[in-house]
K.L.:
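The structure follows.
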Amino acid sequence: MAKQPAAPAVTAETARRSLRIATWNINSVRLRHPLITGIVQALNPDVLCLQETKCPDEHLPIEALKALGFPYVAAKGMKGYNGVAVLSRIPFVQRDNDPDWCLKGDCRHLGVELDAPGGPVELHDFYVPAGGDVADRTVNEKFAHKLDFVAEATAWSATRATATRRVMLGDLNIAPLEHDVWSHKQLLDVVSHTPIEVAALTEWMRVGQWHDALRHFVPADQKLYTWWSYRAKDWAAANRGRRLDHVWCSPDLAGNLVRHQVLQEARGWEKASDHVPVMVELAL
DNA sequence: ATGGTTGAAGATCAA
(Lines give C-alpha, C1' and ligand atoms only; values in the text may rest on other atoms or scores of the structure.)
Protein backbone atom coordinates (compact mmCIF):
# COMPACT_ATOMS: atom_id res chain seq x y z
CA MET A 1 0.00 0.00 0.00
CA ALA A 2 1.34 3.42 -1.00
CA LYS A 3 2.53 5.62 1.78
CA GLN A 4 0.15 8.48 2.51
CA PRO A 5 1.59 12.01 2.59
CA ALA A 6 2.10 13.24 6.11
CA ALA A 7 -0.88 15.26 7.29
CA PRO A 8 -0.79 17.69 10.18
CA ALA A 9 -2.19 16.16 13.34
CA VAL A 10 -5.68 17.44 13.95
CA THR A 11 -6.54 17.38 17.61
CA ALA A 12 -9.19 19.11 19.66
CA GLU A 13 -6.43 21.56 20.54
CA THR A 14 -5.42 22.50 17.02
CA ALA A 15 -8.72 22.12 15.19
CA ARG A 16 -9.78 25.57 16.38
CA ARG A 17 -7.54 28.56 16.08
CA SER A 18 -7.23 31.05 18.84
CA LEU A 19 -7.80 34.79 18.71
CA ARG A 20 -6.65 36.81 21.70
CA ILE A 21 -8.19 40.27 21.99
CA ALA A 22 -7.11 42.71 24.68
CA THR A 23 -8.19 46.15 25.85
CA TRP A 24 -6.25 48.72 27.83
CA ASN A 25 -6.85 52.31 28.84
CA ILE A 26 -3.27 53.42 28.28
CA ASN A 27 -3.72 57.01 29.58
CA SER A 28 -1.33 58.58 27.04
CA VAL A 29 0.08 56.40 24.30
CA ARG A 30 3.13 58.62 23.90
CA LEU A 31 4.06 58.27 27.56
CA ARG A 32 3.26 54.60 28.04
CA HIS A 33 3.72 52.74 24.76
CA PRO A 34 6.94 51.10 26.06
CA LEU A 35 4.81 49.28 28.66
CA ILE A 36 3.08 47.42 25.83
CA THR A 37 6.14 45.15 25.74
CA GLY A 38 5.13 43.78 29.14
CA ILE A 39 1.57 43.28 27.94
CA VAL A 40 2.78 41.32 24.92
CA GLN A 41 4.89 39.10 27.19
CA ALA A 42 2.07 38.50 29.65
CA LEU A 43 -0.98 38.29 27.38
CA ASN A 44 0.39 37.72 23.88
CA PRO A 45 -2.60 39.45 22.27
CA ASP A 46 -3.32 39.27 18.55
CA VAL A 47 -5.25 42.52 18.84
CA LEU A 48 -4.77 45.25 21.44
CA CYS A 49 -7.36 48.02 21.69
CA LEU A 50 -6.35 51.21 23.47
CA GLN A 51 -8.30 54.07 25.01
CA GLU A 52 -7.27 57.51 26.23
CA THR A 53 -4.38 57.69 23.80
CA LYS A 54 -4.48 61.50 24.20
CA CYS A 55 -2.65 61.80 20.92
CA PRO A 56 -3.50 63.33 17.54
CA ASP A 57 -3.06 60.77 14.77
CA GLU A 58 -0.15 62.68 13.24
CA HIS A 59 1.80 62.29 16.49
CA LEU A 60 1.05 58.60 17.06
CA PRO A 61 4.34 56.70 17.62
CA ILE A 62 3.35 54.31 14.86
CA GLU A 63 6.79 52.86 14.10
CA ALA A 64 7.28 52.02 17.79
CA LEU A 65 3.87 50.33 17.86
CA LYS A 66 4.65 48.31 14.76
CA ALA A 67 7.99 47.32 16.25
CA LEU A 68 6.12 45.84 19.22
CA GLY A 69 4.72 43.25 16.83
CA PHE A 70 1.58 44.95 15.54
CA PRO A 71 2.00 45.74 11.84
CA TYR A 72 -1.63 46.81 11.48
CA VAL A 73 -2.54 50.02 13.31
CA ALA A 74 -5.57 52.29 13.20
CA ALA A 75 -6.15 55.28 15.41
CA LYS A 76 -8.67 58.00 16.04
CA GLY A 77 -7.06 60.61 18.23
CA MET A 78 -7.22 64.27 19.14
CA LYS A 79 -5.24 66.78 21.13
CA GLY A 80 -5.14 66.36 24.87
CA TYR A 81 -8.05 64.06 25.63
CA ASN A 82 -9.83 60.87 24.60
CA GLY A 83 -8.52 58.87 21.65
CA VAL A 84 -8.71 55.20 20.68
CA ALA A 85 -6.44 52.90 18.70
CA VAL A 86 -6.41 49.32 17.45
CA LEU A 87 -3.09 47.48 17.16
CA SER A 88 -3.15 44.12 15.43
CA ARG A 89 -1.03 41.23 14.24
CA ILE A 90 -3.73 40.26 11.76
CA PRO A 91 -5.10 42.42 8.96
CA PHE A 92 -8.29 44.39 9.43
CA VAL A 93 -10.42 46.92 7.61
CA GLN A 94 -11.54 50.02 9.46
CA ARG A 95 -15.32 50.47 9.49
CA ASP A 96 -16.35 53.87 8.20
CA ASN A 97 -20.09 54.17 8.73
CA ASP A 98 -20.31 53.97 12.49
CA PRO A 99 -21.97 56.93 14.26
CA ASP A 100 -20.32 60.13 15.42
CA TRP A 101 -21.53 59.86 19.00
CA CYS A 102 -23.44 62.92 20.22
CA LEU A 103 -22.07 64.63 17.07
CA LYS A 104 -18.97 65.66 18.97
CA GLY A 105 -16.28 64.11 16.78
CA ASP A 106 -14.45 63.33 20.00
CA CYS A 107 -12.60 60.09 19.20
CA ARG A 108 -14.31 57.62 21.52
CA HIS A 109 -14.95 54.71 19.17
CA LEU A 110 -13.15 52.79 16.47
CA GLY A 111 -14.79 49.89 14.65
CA VAL A 112 -12.87 47.38 12.57
CA GLU A 113 -13.47 44.11 10.75
CA LEU A 114 -10.75 41.63 11.61
CA ASP A 115 -9.51 39.07 9.13
CA ALA A 116 -9.84 36.42 11.85
CA PRO A 117 -9.52 32.63 11.73
CA GLY A 118 -12.69 31.17 10.26
CA GLY A 119 -13.93 34.48 8.87
CA PRO A 120 -14.36 38.15 9.74
CA VAL A 121 -14.93 39.36 13.28
CA GLU A 122 -16.55 42.74 13.89
CA LEU A 123 -14.68 44.54 16.68
CA HIS A 124 -15.58 47.82 18.39
CA ASP A 125 -13.24 49.75 20.68
CA PHE A 126 -15.13 52.16 22.98
CA TYR A 127 -14.16 54.90 25.40
CA VAL A 128 -17.35 55.96 27.16
CA PRO A 129 -17.34 59.44 28.80
CA ALA A 130 -16.37 59.31 32.47
CA GLY A 131 -19.25 61.58 33.40
CA GLY A 132 -17.76 64.05 35.88
CA ASP A 133 -18.37 64.05 39.62
CA VAL A 134 -22.08 64.76 40.14
CA ALA A 135 -24.58 62.07 39.14
CA ASP A 136 -27.27 64.52 38.03
CA ARG A 137 -27.74 65.33 34.37
CA THR A 138 -29.51 68.62 35.13
CA VAL A 139 -26.47 70.18 36.81
CA ASN A 140 -23.60 68.19 35.27
CA GLU A 141 -23.35 68.28 31.51
CA LYS A 142 -20.63 65.60 31.55
CA PHE A 143 -23.04 63.20 33.21
CA ALA A 144 -25.71 64.14 30.65
CA HIS A 145 -23.18 63.45 27.88
CA LYS A 146 -22.37 60.05 29.38
CA LEU A 147 -26.03 59.03 29.53
CA ASP A 148 -26.69 60.38 26.03
CA PHE A 149 -23.66 58.52 24.69
CA VAL A 150 -24.79 55.23 26.19
CA ALA A 151 -28.35 55.78 24.92
CA GLU A 152 -27.06 56.37 21.38
CA ALA A 153 -24.79 53.34 21.60
CA THR A 154 -27.74 51.27 22.78
CA ALA A 155 -29.86 52.32 19.82
CA TRP A 156 -26.95 51.63 17.49
CA SER A 157 -26.42 48.20 19.05
CA ALA A 158 -29.99 47.31 18.12
CA THR A 159 -28.92 47.63 14.49
CA ARG A 160 -26.03 45.20 15.09
CA ALA A 161 -27.85 42.74 17.35
CA THR A 162 -28.56 40.09 14.74
CA ALA A 163 -25.03 40.08 13.33
CA THR A 164 -22.79 37.21 14.36
CA ARG A 165 -19.09 37.21 15.32
CA ARG A 166 -19.18 40.55 17.12
CA VAL A 167 -16.91 41.75 19.92
CA MET A 168 -17.01 45.09 21.66
CA LEU A 169 -14.75 46.22 24.43
CA GLY A 170 -13.13 49.16 26.08
CA ASP A 171 -13.30 51.54 28.98
CA LEU A 172 -17.05 51.83 29.48
CA ASN A 173 -16.61 53.79 32.74
CA ILE A 174 -19.51 51.91 34.39
CA ALA A 175 -19.21 49.07 36.90
CA PRO A 176 -22.60 47.36 36.65
CA LEU A 177 -22.55 44.58 39.23
CA GLU A 178 -22.39 44.71 43.02
CA HIS A 179 -19.05 42.93 42.99
CA ASP A 180 -17.66 45.11 40.21
CA VAL A 181 -16.85 47.65 42.94
CA TRP A 182 -15.14 47.44 46.32
CA SER A 183 -18.25 48.65 48.15
CA HIS A 184 -21.62 48.56 46.46
CA LYS A 185 -23.27 50.62 49.22
CA GLN A 186 -20.57 53.28 49.37
CA LEU A 187 -20.52 53.74 45.61
CA LEU A 188 -24.26 53.96 44.94
CA ASP A 189 -23.96 57.74 44.56
CA VAL A 190 -20.56 57.70 42.91
CA VAL A 191 -20.48 58.21 39.14
CA SER A 192 -19.66 54.82 37.53
CA HIS A 193 -21.91 52.75 39.82
CA THR A 194 -25.14 54.76 40.17
CA PRO A 195 -28.40 52.91 39.49
CA ILE A 196 -29.16 55.07 36.44
CA GLU A 197 -25.80 54.21 34.85
CA VAL A 198 -26.12 50.54 35.74
CA ALA A 199 -29.60 50.47 34.21
CA ALA A 200 -28.30 52.17 31.06
CA LEU A 201 -25.42 49.73 30.64
CA THR A 202 -27.68 46.75 31.32
CA GLU A 203 -30.07 47.99 28.65
CA TRP A 204 -27.17 48.42 26.22
CA MET A 205 -26.23 44.79 26.76
CA ARG A 206 -29.80 43.56 26.46
CA VAL A 207 -30.63 45.49 23.29
CA GLY A 208 -27.35 44.59 21.61
CA GLN A 209 -27.54 40.96 22.71
CA TRP A 210 -24.11 41.38 24.23
CA HIS A 211 -22.61 38.63 26.38
CA ASP A 212 -20.31 39.71 29.23
CA ALA A 213 -17.13 37.82 28.38
CA LEU A 214 -15.41 38.51 31.72
CA ARG A 215 -18.33 37.43 33.89
CA HIS A 216 -18.51 34.38 31.62
CA PHE A 217 -15.39 33.27 33.50
CA VAL A 218 -15.70 35.00 36.87
CA PRO A 219 -18.92 34.37 38.83
CA ALA A 220 -20.97 37.44 39.75
CA ASP A 221 -20.40 36.90 43.47
CA GLN A 222 -16.64 37.32 43.13
CA LYS A 223 -14.92 40.72 43.16
CA LEU A 224 -13.46 41.74 39.82
CA TYR A 225 -11.71 45.05 39.18
CA THR A 226 -9.82 46.56 36.24
CA TRP A 227 -9.16 50.06 37.63
CA TRP A 228 -7.66 51.43 40.82
CA SER A 229 -7.50 55.18 41.50
CA TYR A 230 -4.23 57.06 41.41
CA ARG A 231 -5.39 58.81 44.56
CA ALA A 232 -4.93 55.93 46.97
CA LYS A 233 -1.74 55.97 49.00
CA ASP A 234 -1.35 52.25 48.34
CA TRP A 235 -3.69 50.97 45.64
CA ALA A 236 -2.99 47.30 46.39
CA ALA A 237 -3.40 47.59 50.16
CA ALA A 238 -6.61 49.60 49.89
CA ASN A 239 -7.81 47.53 46.91
CA ARG A 240 -10.67 49.91 46.28
CA GLY A 241 -11.08 48.93 42.66
CA ARG A 242 -13.82 49.04 40.09
CA ARG A 243 -14.51 47.02 36.93
CA LEU A 244 -14.71 49.83 34.37
CA ASP A 245 -13.21 47.92 31.45
CA HIS A 246 -15.28 45.34 29.64
CA VAL A 247 -15.26 42.79 26.84
CA TRP A 248 -18.58 41.77 25.34
CA CYS A 249 -19.31 39.36 22.50
CA SER A 250 -22.28 38.30 20.42
CA PRO A 251 -24.15 35.22 21.73
CA ASP A 252 -22.84 32.96 18.94
CA LEU A 253 -19.29 33.53 20.25
CA ALA A 254 -20.05 32.78 23.90
CA GLY A 255 -19.27 29.12 23.34
CA ASN A 256 -15.95 30.04 21.75
CA LEU A 257 -14.62 31.81 24.85
CA VAL A 258 -11.76 29.75 26.25
CA ARG A 259 -9.78 32.03 28.52
CA HIS A 260 -9.56 35.45 30.09
CA GLN A 261 -6.90 37.39 31.94
CA VAL A 262 -7.00 40.61 33.95
CA LEU A 263 -3.39 41.72 34.19
CA GLN A 264 -3.61 43.18 37.68
CA GLU A 265 0.17 43.22 38.11
CA ALA A 266 0.33 45.98 35.47
CA ARG A 267 -1.16 48.38 38.03
CA GLY A 268 2.08 48.02 40.01
CA TRP A 269 4.41 48.72 37.09
CA GLU A 270 6.57 51.81 36.99
CA LYS A 271 4.56 54.65 35.41
CA ALA A 272 1.41 52.51 35.49
CA SER A 273 -1.92 53.46 33.98
CA ASP A 274 -4.76 53.50 36.50
CA HIS A 275 -6.46 50.85 34.31
CA VAL A 276 -5.02 47.36 33.73
CA PRO A 277 -5.14 45.34 30.50
CA VAL A 278 -7.88 42.77 30.05
CA MET A 279 -7.67 39.90 27.57
CA VAL A 280 -10.13 37.35 26.24
CA GLU A 281 -9.23 34.38 24.06
CA LEU A 282 -11.64 32.93 21.52
CA ALA A 283 -11.27 29.57 19.79
CA LEU A 284 -12.52 30.15 16.26
C1' DA B 1 -17.60 65.71 53.70
C1' DT B 2 -13.18 65.99 51.78
C1' DG B 3 -9.04 65.01 49.52
C1' DG B 4 -6.12 62.36 47.44
C1' DT B 5 -2.85 61.64 41.93
C1' DT B 6 -1.91 61.79 37.09
C1' DG B 7 -1.47 63.64 32.06
C1' DA B 8 -1.66 67.25 28.74
C1' DA B 9 -1.76 71.65 28.22
C1' DG B 10 -0.18 75.68 29.61
C1' DA B 11 -0.92 78.14 34.81
C1' DT B 12 -6.45 74.52 34.65
C1' DC B 13 -9.23 70.85 33.09
C1' DA B 14 -10.43 65.96 32.68
C1' DA B 15 -10.15 61.80 34.78
K.L.:
Is it possible for you to check whether A:R267 lies under 6.0 Å from the centre of the six-membered ring of A:W228, through NZ or CZ, and within 45° of that ring's axis?
P.N.:
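Not flagged: A:R267 not positioned over aromatic ring of A:W228.
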K.L.:
Kindly state each residue pair satisfying ring pair (Phe, Tyr, Trp, His ring centres under 6.0 Å) with at least one member in residues 27-79 of chain A, sequence neighbours excluded.
P.N.:
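Ring pair (Phe, Tyr, Trp, His ring centres under 6.0 Å) check on residues 27-79 of chain A returns no pairs.
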K.L.:
Taking the same atom, C1', in B:dG4 and in B:dA15, what whole-Å distance lies between them?
P.N.:
13 Å
K.L.:
Round to a whole Å and report the spacing from CE of A:M78 to C1' of B:dA9.
P.N.:
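A:M78 atom CE is separated from B:dA9 atom C1' by 13 Å.
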K.L.:
Between B:dG7 and B:dA11, how far apart are the two C1' atoms, rounded to whole Å?
P.N.:
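Those two atoms are separated by 15 Å.
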K.L.:
Output, in order, the C-alpha distance, side-chain angles, deciding distance and verdict of salt bridge (charged side-chain N to carboxylate O under 4.0 Å, His left out) for A:E113 and A:R95.
P.N.:
CA-CA 7 Å; A:E113 187 171 281; A:R95 293 167 56 88; 5.4 Å; no
K.L.:
Determine the Euclidean distance between corresponding P atoms of B:dA1 and B:dT5; express it in Å to zero decimal places.
P.N.:
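The same atom, P, in both gives a distance of 22 Å.
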K.L.:
For A:K271 and B:dT5, give me the distance from atom NZ to atom P, rounded to whole Å.
P.N.:
15 Å
K.L.:
Would you mind classifying the nucleic acid contact of A:R240 as base, sugar-phosphate or nothing, using non-hydrogen atoms under 4.0 angstrom?
P.N.:
nothing
K.L.:
Could you tell me how far B:dT6 sits from B:dG10 if I compare only their C1' atoms? Round to whole Å.
P.N.:
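Pairwise C1' distance, B:dG10 against B:dT6, rounds to 16 Å.
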K.L.:
Apply the side-chain contact (heavy atoms from CB on, under 4.5 Å) test between A:L253 and each candidate in A:V167, A:T164, A:L19; give the one that qualifies.
P.N.:
A:V167
K.L.:
OP1, OP2 of B:dG7 versus side-chain N and O of A:R30: anything below 4.0 Å?
P.N.:
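Indeed not, no polar side-chain atom of A:R30 lies that close.
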K.L.:
Can you sort out the partners of A:Q261 under side-chain contact (heavy atoms from CB on, under 4.5 Å), two or more places apart, ordered by chain and number?
P.N.:
A:L43, A:R259, A:L263, A:M279
K.L.:
Encode nucleotides 10-15 of chain B as B, S and - characters from 5' to 3', where the letter depends on protein heavy atoms closer than 4.0 Å: B to the base, S only to sugar-phosphate, - to neither.
P.N.:
----SB
K.L.:
Please determine whether the number of non-hydrogen atoms from other residues, nucleotides or ligands lying under 6.0 Å from atom CG of A:N239 exceeds 12.
P.N.:
yes
